[in-house]
Each structure stands twice: as structure tokens, then as C-alpha cells.
Amino acid sequence: MTGAPLVEKTVGIAGLGAIGLELARRLDAGVEGLRLVAASARDGAKAEASLAGFRHPPRLVPLAALAEEAEIVVECAPAAVFEQVALPAIARGRIFVPASVGALLPRMELVAEARRTGARILVPTGALLGLDAVRAVAEGPVESVTIETRKPPRGLEGAPYLAEQGLDMGAVVEPTLIFRGNALEAARGFPANVNVAAALALAGIGPERTTVEIWAVPGLARNTHTIRVEAGAARLLMTVEGVPSETNPRTGKLTPLSILALLRGLVSTLRVGS
Ligand SMILES: NC(=O)C1=CN([C@@H]2O[C@H](COP(=O)(O)OP(=O)(O)OC[C@H]3O[C@@H](n4cnc5c(N)ncnc54)[C@H](OP(=O)(O)O)[C@@H]3O)[C@@H](O)[C@H]2O)C=CC1
Ligand SMILES: O=C([O-])CC(=O)C(=O)O
């Protein structure tokens, strides 16, 4: 007896950088049940070159058109263009997978809009770990959630908080606590660095109650995130040491793989982890 024929879900990717291009390559290599059909990039010629060896190159379309082309829209672009991807995807009732989770945090009205249109917003674990366990303990009482992010000073450069506080990352010579606050404040001050804190906040007890510490650590080879949770059902203590990608050292190699795992979970018969 044969099963029902597999219906493929189509995927569009916004941004072909460290996350988007690797995800595109993996999808093009073949993932059962998923088909990459469209992508967006700022520099069209660079994108054409990146996609040159693909077996089935996706159509290059403007950000806003991705939602017309694909059932699943994956956002892997700078936070500044987040709405250009998110709004059409949600308006069209698509599955929207944001990598720029820090840009979702101050726009939670999008969740209500998605409820209205039938869209779904699926936040990947990304460079983090253990959000299945955080979600599980958050079904019960949770006392505290803290994330400690440690990065080399150059991985934090450009953050608005540093300019506001007059902090020079070039002058950091020993591990230094740069910021301690809640996830909303962290997302404002470090928009390119706290996607993980935003995802943790959404998985657990919300951005106001999630504490974020950001350390600049000279010579650190891996972006390191440690989560501590005190909850009624369990104490969680988890650390991930991410290997930076070659193309963008701010972004770890784990993130495109995490998104791929999430996409696979949408179409697989056997799914593991909550
Ligand atoms: N959730 C998580 O755990 C993580 C999330 N992130 C976040 O994910 C996002 C993507 O990260 P990453 O892949 O490292 O970023 P990159 O800078 O490597 O890539 C971004 C891509 O977006 C493209 N882009 C820029 N502007 C536009 C535009 N207007 N239209 C279409 N494409 C555009 C760029 O194109 P071009 O190359 O032509 O300039 C580039 O290819 C960031 O917001 C980052 O903060 C990062 C790490 C972990
Ligand atoms: O560690 C990483 O790869 C990226 C990171 O902190 C984030 O975007 O939140």
C-alpha cells in the first residue's frame, strides 16, 4: 500500500546572507516536502552569482513579493527591512519565520494581525538552544529567566547602546559586562545581537521579565549564550557555544540549521521535541 502523495510546501527567503544563502543551499540540495521557489536580495548581481550553481535557482523578487510566491516566508534580512517582509506575509495568511526576532518584539501587534488573517509566526530557536524546555516549564510557574550573552567586542560594534553610553569596544581588554536589563531594553540597544534574547522572552515569561546580560570578551572565538531558568517544574541551565559563520562573524553557523530543522518539522511525519 502506498501513502498519500507528498504535497510540497513552497519556501521564499528574504536576504541571501549568512543565514539565507546557507538555508537556500540546503533547500536546493533537496529536502523532502519543501521547495525553494523565491528569494530576495539587495544586490541582484551578487545574488545571481550566489545562486549560479543551484540546481533549481529561486526567482529573485522584491521583498514584498515573497508572500505572493511562497507559502512559507523566511525572513533573514537586516532588521531595518523587517516590516517589508513581515506585513505582506501576514496579510496573505502565510507561515512567517523571522530570523530578526529582535524586530518582532516591539511589533507584537503582528501576532493579533496574524490571528485575523490565519497566518502563523514561527520563531526559530536560531543561535540558541532549549526553547522546547523553556516553553514546557512556562506552562507552570516560573520565577526567573536570564540569558548571558558573551561575544568578542567586535561582534557588538555598531550597537546603538554603545554610542549612547560612549562605550568603545576597541578599549575592552578583559571580560566586561556591557549591559544588564530586560529583553525589551536589550532589543532597543543591541538590535543585531539579541535575537536570541527575544526568542527566549517569547518562549518563556515575556520581555519585561526576561533578564539579559551582554558581555564583551576579548579573544572569544565563539558567541556563547547561557540560559538560566528557575521554575516550578525544573531548574534549567543551558549553554551554547556557536561557531561564527565565515561570511558574517556576528551570526553563528547554527542559525540556518535551526531554521532548516524548523521547516522540516512543518512537513515531516515524525517530529521530535515540543
Ligand atoms: N534568530 C537568531 O538566532 C539570529 C538572527 N540573526 C538575525 O538574522 C538577520 C539576518 O542575519 P545574517 O544572515 O547574518 O545577515 P547578513 O548581513 O549576512 O545578510 C543579510 C542579507 O539581507 C540582504 N538585504 C539587505 N537589505 C535588503 C533588502 N532591502 N532587500 C533584500 N535583501 C536585503 C543582504 O543583501 P546584500 O548581500 O546584497 O547586502 C544580505 O544578503 C539579522 O537581522 C540578524 O540580526 C542573526 C543571527 C542569529
Ligand atoms: O549568537 C549569534 O549567532 C547571534 C546572536 O547572538 C543573536 O542574533 O541574537
Side-chain angles (χ1 to χ4, degrees), residues 12-25 38-51 58 60-66 73-86 88 97-105 121-131 147-152 155-156 158-159 178-179 183 186-187 189-203 210 212-217 220-227 239-262:
I13 299 180
L16 291 172
I19 300 173
L21 185 58
E22 180 59 20
L23 177 64
R25 284 194 185 114
S40 291
R42 176 168 45 190
D43 180 338
K46 183 174 144 197
E48 299 270 5
S50 300
L51 300 172
L60 284 172
V61 300
L63 290 173
L66 284 169
V73 175
V74 184
E75 179 278 330
C76 324
V81 298
F82 182 81
E83 287 190 352
Q84 293 180 48
V85 189
V97 181
S100 306
V101 194
L104 176 63
L105 218 50
I121 303 174
L122 306 182
V123 173
T125 304
L128 204 53
L129 81 171
L131 295 189
I147 178 166
E148 180 186 299
T149 284
R150 300 170 79 84
K151 290 196 170 181
L156 299 170
I178 299 295
F179 171 89
F190 297 85
N193 283 288
V194 293
N195 297 292
V196 290
L200 176 66
L202 294 173
T210 301
V212 181
E213 279 190 7
I214 299 175
W215 289 74
V217 181
L220 190 70
R222 296 184 175 205
N223 293 338
T224 303
H225 307 290
T226 298
I227 299 173
T239 296
V240 54
E241 298 181 0
V243 178
S245 73
E246 283 86 16
T247 44
N248 180 358
R250 280 167 211 258
T251 292
K253 290 182 179 220
L254 183 57
T255 305
L257 303 184
S258 166
I259 296 175
L260 179 58
L262 180 151

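All ligand and atom numbering here is 1-based and tracks the order in the structure. Excluded from the calculations below are hydrogen atoms, water molecules and symmetry mates; all remaining heavy atoms, backbone and side chain alike, are included.
Listed by chain and number, Ala127, Lys151, Ala192, Asn193, Val194, Asn195, Val196, Asn223, His225, Arg250, Thr251, Gly252 each place a non-hydrogen atom less than 4.0 angstrom from ligand 2. Around ligand 1 you find Gly15, Leu16, Gly17, Ala18, Ile19, Ser40, Ala41, Arg42, Asp43, Lys46, Leu63, Cys76, Ala77, Pro78, Ala79, Val81, Ala99, Ser100, Val101, Gly126, Ala127, Ala192, Asn195, Val196, Asn248, Thr251, Thr255, each with a heavy-atom distance below 4.0 Å.
Counting only heavy atoms from C-beta outward, the side chains of Leu262 and Thr125 never approach each other to under 4.5 Å. When side chains are defined from C-beta on, Leu254 does not count as touching Val243, because their heavy atoms never get closer than 4.5 Å. Using a 4.5 Å cut-off on side-chain heavy atoms (C-beta onward), Val240 and Val196 make no contact.
The closest donor-acceptor contact from the side chain of Ser100 to the backbone of Ala77 lies under 3.5 Å. Glu75 contributes a side-chain N or O that, together with a main-chain N or O of Ala99, makes up a donor-acceptor pair within less than 3.5 Å. Judged by distance alone, with hydrogens and angles left aside, the side-chain atoms of Thr226 form no donor-acceptor pair with the main-chain N or O of Thr239 at under 3.5 Å.
A salt bridge between Arg150 and Glu213 is absent, with no side-chain N of the basic residue lying under 4.0 Å from a carboxylate O of the acidic one.
For the pair Pro124 and Ala199, the tightest heavy-atom approach, listed with the atom from each and the gap, is O-CB, 4.2 Å.
We find the OG-CG distance between Ser50 and Asp43 to be 8.5 Å, quoted to the nearest 0.5 Å.
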